[in-house]
Amino acid sequence: MAGAVAFLRTLGAAETEHPGGTLLAHLQRVSRLLEAWGAGRELRLAGLCHAFYGTDGFAPSLLPLESRDQLARHIGTDAEELVYLYASCDRKASYRELASENGTFRDRFTGRTFSPAPRRRREFAELTAANELDLAGIDPAFRAEWGEGLLNLLTRWRPLLSDQAWAHTQKTLT
């Protein structure tokens, strides 16, 4: 993890503004939250770097998509693939059906629609929950504006979430 944090620092994550402080502070909180929920190393590393390519809700990126191999060298290919999946999510097109048996996902970079493997959908949901719950927990204005919708989303995604993530959802949003 230390190598990934150092890499994020060299790319300016510690100076990039983000709700609740800096991007690096947020990324570290998300990774720690995933760790508290019992997530494996790959998911924790993805949590630490989840906004690396920007997201559908946070446009700034630390490197362009053409540099995916650089991130993979620091966190491993599997974790980088999860970071890409998270960054590529077209939220409007993907969130609604993600928990269904053949939940579809739309890549906002390529326009491709596909059904991620169940494990990847669970990891994606867990990472999304950690990201959003961190923001809801640290920023009362975020929670006031988005809390009800976030609770509705995570309730629909309950089959994809760990018991720990669901308990944190209830504690933070109800």
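Computed from a predicted model, the values in this text were never measured in an experiment.
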Grouping I, L, V, M, F, W and Y whenever their side-chain heavy atoms are under 4.5 Å apart, do [X] and [Y] come out in a common cluster?
{"X": "Trp37", "Y": "Leu154", "answer": "yes"}
{"X": "Leu133", "Y": "Leu161", "answer": "yes"}
{"X": "Leu153", "Y": "Leu34", "answer": "yes"}
{"X": "Met1", "Y": "Leu33", "answer": "no"}
{"X": "Tyr84", "Y": "Leu63", "answer": "yes"}

[atom1]-[atom2] distance between [X] and [Y], expressed to the nearest 0.5 angstrom:
{"X": "Leu62", "Y": "Ser67", "atom1": "CG", "atom2": "OG", "value": "11.0 Å"}
{"X": "His168", "Y": "Leu173", "atom1": "NE2", "atom2": "CG", "value": "8.5 Å"}
{"X": "Leu135", "Y": "Leu150", "atom1": "CG", "atom2": "CG", "value": "9.0 Å"}
{"X": "Ser88", "Y": "Glu81", "atom1": "OG", "atom2": "CD", "value": "11.5 Å"}

Measure across [X] and [Y] and return the closest heavy-atom pair with its distance rounded to 0.1 Å.
{"X": "Leu82", "Y": "Ala46", "value": "CD2-CB, 3.7 Å"}
{"X": "Phe124", "Y": "Phe105", "value": "CE1-CE1, 3.9 Å"}
{"X": "Ala79", "Y": "Leu45", "value": "CB-CB, 4.0 Å"}
{"X": "Gly54", "Y": "Ser61", "value": "N-CB, 3.7 Å"}
{"X": "Pro159", "Y": "Thr155", "value": "CD-O, 4.5 Å"}
{"X": "Leu160", "Y": "Ala125", "value": "CB-CB, 3.7 Å"}

Review point. Is it true that Arg120 and Glu42 make a salt bridge, defined as a side-chain N closer than 4.0 Å to a carboxylate O?
Key: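 Yes.
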Practice item. Kindly check if the number of other-residue, nucleotide or ligand heavy atoms within 6.0 Å of CH2 (Trp146) is above 12? Key: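 It does not: Trp146 CH2 has 12 such atoms or fewer within range.
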Exercise for review: Evaluate whether atom CD of Glu148 has more than 12 neighbouring non-hydrogen atoms of other residues, nucleotides or ligands under 6.0 angstrom away.
Suggested key: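 Result for CD/Glu148: open.
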Exercise for review: Identify the residue among Asn131, Thr55, Asp56 that makes a side-chain hydrogen bond (donor to acceptor under 3.5 Å, both in side chains) with Tyr86.
Suggested key: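 That would be Asn131; it is the only one of Asn131, Thr55, Asp56 passing the side-chain hydrogen bond (donor to acceptor under 3.5 Å, both in side chains) with Tyr86.
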Review point. Would Arg122 and Glu126 count as a salt bridge (Lys or Arg N to Asp or Glu O under 4.0 Å) if you check the C-alpha gap in whole Å, the side-chain angles of each, and the deciding distance to 0.1 Å?
Key: CA-CA 6 Å; Arg122 286 190 302 273; Glu126 198 88 349; over 6 Å; no
Exercise for review: Find out whether Leu127 and Val30 are in side-chain contact, i.e. whether some heavy atom of one side chain is under 4.5 Å from a heavy atom of the other.
Suggested key: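 Side chain of Leu127 against side chain of Val30, heavy atoms only: contact under 4.5 Å found.
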Point to revise | Close side-chain approach of Arg121 to Trp157, heavy-atom, < 4.5 Å | key: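 They are not in contact (no side-chain heavy atoms under 4.5 Å apart), so the answer is no.
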Review point. Could you walk me through whether Arg68 and Phe52 pass the side chain to side chain contact (heavy atoms under 4.5 Å, CB included) check?
Key: CA-CA 10 Å; Arg68 289 181 64 187; Phe52 199 85; over 6 Å; no
**Study point:** Residue pair Glu97, Arg106: steps toward the side chain to side chain contact (heavy atoms under 4.5 Å, CB included) verdict
**Key:** CA-CA 11 Å; Glu97 298 297 322; Arg106 184 173 184 278; over 6 Å; no
Side-chain donor-acceptor distances from residues 10-25 under 3.5 Å, at least two apart:
{"residue": "Thr10", "atom": "OG1", "partner": "Phe7", "partner atom": "O", "Å": "2.7"}
{"residue": "Thr16", "atom": "OG1", "partner": "Gly12", "partner atom": "O", "Å": "2.8"}
{"residue": "Thr22", "atom": "OG1", "partner": "Ala25", "partner atom": "N", "Å": "3.1"}

Exercise for review: Answer yes or no for Arg91 and Tyr95: cation-pi contact, defined as NZ/CZ to six-membered ring centre under 6.0 Å and angle to ring axis within 45°.
Suggested key: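 Judged by the rule (NZ or CZ under 6.0 Å from the ring centre, within 45° of its axis), Arg91 is not positioned above Tyr95.
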Review point. Salt bridge (charged side-chain N to carboxylate O under 4.0 Å, His left out) with Asp134: which of Arg29, Arg32, Arg143?
Key: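 Exactly one pass, corresponding to Arg29.
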**Study point:** Working for side chain to side chain contact (heavy atoms under 4.5 Å, CB included), residues Asp163 and Arg158
**Key:** CA-CA 9 Å; Asp163 291 341; Arg158 174 62 184 107; 2.7 Å; yes
**Study point:** Full working for side chain to side chain contact (heavy atoms under 4.5 Å, CB included) between Glu123 and Arg119
**Key:** CA-CA 6 Å; Glu123 292 168 334; Arg119 178 179 70 96; 2.8 Å; yes
